[in-house]
Amino acid sequence: MSFFDSIKSKIVDSFIPLLSRDEKFRQEFKLPDGETIIDDLNADVAFAHVHSKMAKYDRQKLNSGDTGSAVQYAFPGKIMMTEHYLVFKDGYDGESCVMVLNISAIKRVERSTSNAYSFVLLVTLYSGSQILIQFVSLRHRSENFCERLKKNLRSNIPNAKRLKSFLDTCYSEYLIYKNVLRVEDIKPPRAGLGQQYKYPGSPSIQREKAKLRLWFEYFKDNGTNLSLVRNHTFKKLIRVGVPNRLRGEIWEYCSGSIYLRYQNPDEYQKLLTENAGKTSQAIDEIEKDLKRSLPEYSAYQTTEGIQRLRNVLTAYSWKNPDVGYCQAMNIVVAGLLIYMSEEQAFWCLNNICDLYVPGYYSKTMYGTLLDQKVFEAFVEDRMPNLWDYIVEHDIQLSIISLPWFLSLFFTSMPIEYAVRIMDLFFCNGPRTLFQVALAVLKLNGEEILSADDDGMFIAIIKNYFQNLGKSAHPNSKEPKIREITNFQELLVTAFKEFDVITESQIAQERHKHQKDVFQNIETFVKRTQIRHMPKTYNLSDKNLGNIYDLYYQSVETHKISLGTGSSNMDLESFVQFIKKVCNWAKDSQSDLDPSFRQQKSEFLKRLFNRWDSAKVGELTLNDVVEGLDHLLSRDMLESINYFFSLYDKDGDGQLDKDEVLQLSEGLLLLTDPWKNGSFVDLLTKKKIEDDIAEKLVQENGEKVITMDEISLPSGVTIDEEKYKAEQSERYLKAASNFLQRAFEYAKSIELDSAVNLIDLSDDESEGSDEDVKIKKKKKFEAIMANPALDPSHPKVLDLATFRMIILADETYELFFSETLRDSIRIDEGNESNNYRTKALRNMFDGILADGKRVAEQVRRRVDSVATRSSISSNDGPTSQLSATNEMLPSADDRADDVDDFTQETGEEQHELLNETLLDIDDDMKSSNNNQQDKRISEMPKLDSKNADLVEFEAD
């Protein structure tokens, strides 16, 4: 590596997220989550395995403390202790001696006294093998290490009790018991489907007996399963090939899933039992893919094979609901089950998804997509000529290579060769996939350069995989060269020529492309979800995009690009979401009042339950979209009906006394921002415009003749507190009138006269009988003074009456027609969260900046002045018109005046006066709220017969 490449590598490394020491430790040794380094020391370690050829000699030397005579078994390095494991790694290359020892496998620990100048421990395992640990550290550090080890040994006693039953499931133990200890009538442990339906490939060609013999000798010299010691010979045996009967155990040992299986003995069966009969989307998808899982293997054409596959996939979907099930997962599990039991395959799948290829089988498959970018980067770097050809002919490399990575080559090549790739995959890690994929392109490079499109590319690769067992050089004169198969040549190319591909390089490339891949995934998911949203009538595409962004900002546990976490919204997330969207839900000064906070909480919960279409206590994105679409309805009656339905729990179209009170509290809550002056409605806005225009007219008088002469002064000020007070008083009066009229026009319900619903009893009656009678009398008079509280004459408010009361009030009518809709701010998206008050000042500045509305009011008033002047010159003083205006009782009277005046002045003056009278009418509406009481008082008393008629009239 050149100097600049070294600098570049260091820079890239600095941007890669750093893992903690414990995380790196767990990843390196494939230990379960939760294992942390309690203590670590430098030490020299020597082994004396009970079944090795030199076992007796080694034990004598170790017991005497003489490691010099057995130096071939002594390794300097570092020993680390966690809650359940002793881990040793040599200090030479990290591969000469690696031991991951479960503390449950330790039978005895004793202090060696042969050497007074060193601190030595002699550890005896369940099998009789011994480990000598000589600490190279300060004495007090060694003492502390031993003390911690003693505590861990005690805490692991319950785990040690189930060690024997666990070892009975390991084939390596079966080999030792049968061929070394000569135990008769011992049966091999239950393994994969291959034990019954035969393993893929020919045993003679694969030289199964020779491989099994080599592994048997390795187990005798280096231990088995939970006490196995790895060295360079271990990796050589992996490259030569693992025998079929041992493959399941070696896979789970290399992947670390053997530790999970031992640590969680009953979890797999518990998952199946507790979720038996349950259904989910993942299970439905699993059922569709079961018969498409390696159908060429005979076991998956039987009920037993399909059932084992179903059990593993179903159990994993319940264990990891974030992943659930993903296509191609069935292919991988089908391959595992040929060599593993169900429980072994379950835990092995767990580590494949979490440690080896994270994100490959997520909902967004972000891991696979990211590694395709990494693979393309490696092709461009290592084979530039081939890459240029692929780009020139617009060949989509990911279409060809994605199945290799996603199915771990199980669907690309015959099973007997795919499992050889899996041997190396579990031993060396995910870099194996990149090395093999690069080797495939390298060996087929010349033919690929003749391909013109994706179809020819795929055909070349498919033909190559089908001939992996054939000679790579059939025309060679050398017999040994002719014996080399395509598969052997593939392995040599992959692990020699592309050995430079390391885990650190893969991590660097992943980090480099991660942002773009995640952004593409999020864009695709957003586009897809918006396209499948329900039809809306009041939301634009931009609105839907903003709702989508705000929704997933509120559901913080869900990661879109990773596909993890629930995408549904709970009540707490809903409250945060609605505060970003609706002005009336934002935090305000009123929230300092506990009762107001309680009312807001109850209303939001009521709205949440109304939007929860599935009634599961969670909202989907579609639920939120449909709910907001209702709130944004431009149909005033629909908005009124929707608000009424929030309190009509039984859906009978009627509200009782308590529900009416709750509804009135809801109205106070929704209108609070306008009541406290944080925002202004159109009535206040128009009042301010009218006042500004009136002031300009008064200042200029009759001098203002044309629009060109109208100028808006920049120094105009308004009495902000005045308008706030007027608006607040108007909303308070509207709320008071609503409650009064709701009970006044509510419909009575006839009850059985024999039933006395007025309870005048006094639980805390004190004093004489006369005092009690006086209290009861006062209580009765208080109840009868308010008919709404009289339980002997209950009343209900129906929808028609509710509509009438709302429409009869100018403030509430405007609220449901425009104000409520305008208070939902989704056009600005994320910016809506920054919207603040000072509504009057902001609105006033906008009026002065625009000037059109004020200028219109000024024009009308200028015309009014001209009209008054004309009337004064023809019929008398201008005060006559003012007097006439004060005497106008109704619009009909004003219309009669217009008709009389038209006869005298003509059509032109009629139009001018008509505009003046309309303007006066507008002023009267904004200043004379008392006329609303008259409108209500003149309404007939409603009953069920005339309710619909009044509703129609109000409309």
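Counting from 1, the numbers follow the sequence of the chain as shown.
- With respect to K526 and D549, a salt bridge is recorded, a charged nitrogen being found less than 4.0 Å from a carboxylate O.
- Checked by atom type, the side-chain pair T523/N520 shows no donor-acceptor distance below 3.5 Å.
- A donor-acceptor contact closer than 3.5 angstrom links the side chains of N330 and S293.
- A salt bridge links R292 with D289: the closest approach of a Lys/Arg side-chain nitrogen to an acidic carboxylate oxygen falls below 4.0 angstrom.
- Among the candidates E287, E342, E285, the single residue satisfying the salt bridge (charged side-chain N to carboxylate O under 4.0 Å, His left out) test with R310 is E287.
- If you look at F426 and Y253, their ring centroids are not closer than 6.0 Å.
- Side-chain contact of N543 with S540: a donor-acceptor pair under 3.5 Å is present, judged by distance alone.
- Using a 3.5 Å distance cut-off with no hydrogens or angles, the side chains of Y389 and N385 do not pair a donor with an acceptor.
- Ring geometry, W611 versus F574: the interplanar angle exceeds 60°, so the pair is classed perpendicular (tilted spans 30 to 60°).
- The aromatic rings of F577 and Y551 lie perpendicular to each other, with more than 60° between the two planes, well past the 30° mark.
- Ring pair Y642/H630 is parallel by interplanar angle, where below 30° counts as parallel and above 60° as perpendicular.
- By the side chain to side chain contact (heavy atoms under 4.5 Å, CB included) test, Y417 is found to be paired with M413, P414, L468, F487, residues two or more places apart in sequence or in another chain being considered.
- Y356 carries K30 over the face of its six-membered ring, with the cationic atom under 6.0 Å from the centre and within 45° of the normal.
- Here the side chain of R247 pairs no donor or acceptor atom with the backbone of Y339 at under 3.5 angstrom.
- Ring centers of Y259 and W347: at least 6.0 Å apart, outside the cut-off.
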